[in-house]
Amino acid sequence: MVGESLVNPGARFEVLQRYFERMIFMERPYVQLQPDEQAMTIAASNIYAAYVMSGEAKADPEGTLKRAALEAIRLARLVDENVIVPGEMH
């Protein structure tokens, strides 16, 4: 197919199209989160999933995602302020 793409413009387009599709869909962004960021991401994901399941995310998915993240932060602060673990000083 690649040899044919040199002669046939349509085949060349198909080769380029497949190449760019692989670049877009197969390339995974790498994110390295700290343990507390991982916990917040999990919490926000669970909150967002609840919004999706209830139908609340339909109207504004992006806004609902931000809302879920802010609620996860709020929950983390609430826990941090009210729970003392051994070795932690307040």
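From a predicted model like this one, the values you see are computed outputs, not experimental measurements. Index from 1, following the sequence.
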What pairs of donor and acceptor atoms, side-chain ones from residues 56-66 against any protein atom, are under 3.5 angstrom apart with sequence neighbours left out?
from, atom 1, to, atom 2, distance (Å)
D60, OD1, G63, N, 3.1
T64, OG1, D60, O, 2.8

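Side chain of Q38 to backbone of P35: no donor-acceptor contact under 3.5 angstrom is found.
With sequence neighbours left out, the side chain to side chain contact (heavy atoms under 4.5 Å, CB included) criterion links I47 to Y51, A68, E71, A72, L75. Residues passing the side chain to side chain contact (heavy atoms under 4.5 Å, CB included) test with T41 are L33, S45, sequence neighbours excluded.
Grouped by direct or indirect side-chain proximity (heavy atoms under 4.5 Å, Ile/Leu/Val/Met/Phe/Trp/Tyr only), L78 sits alone. Hydrophobic cluster membership of M53, counting Ile, Leu, Val, Met, Phe, Trp and Tyr whose side-chain heavy atoms lie under 4.5 Å apart directly or via other members: none, as it forms a cluster of its own.
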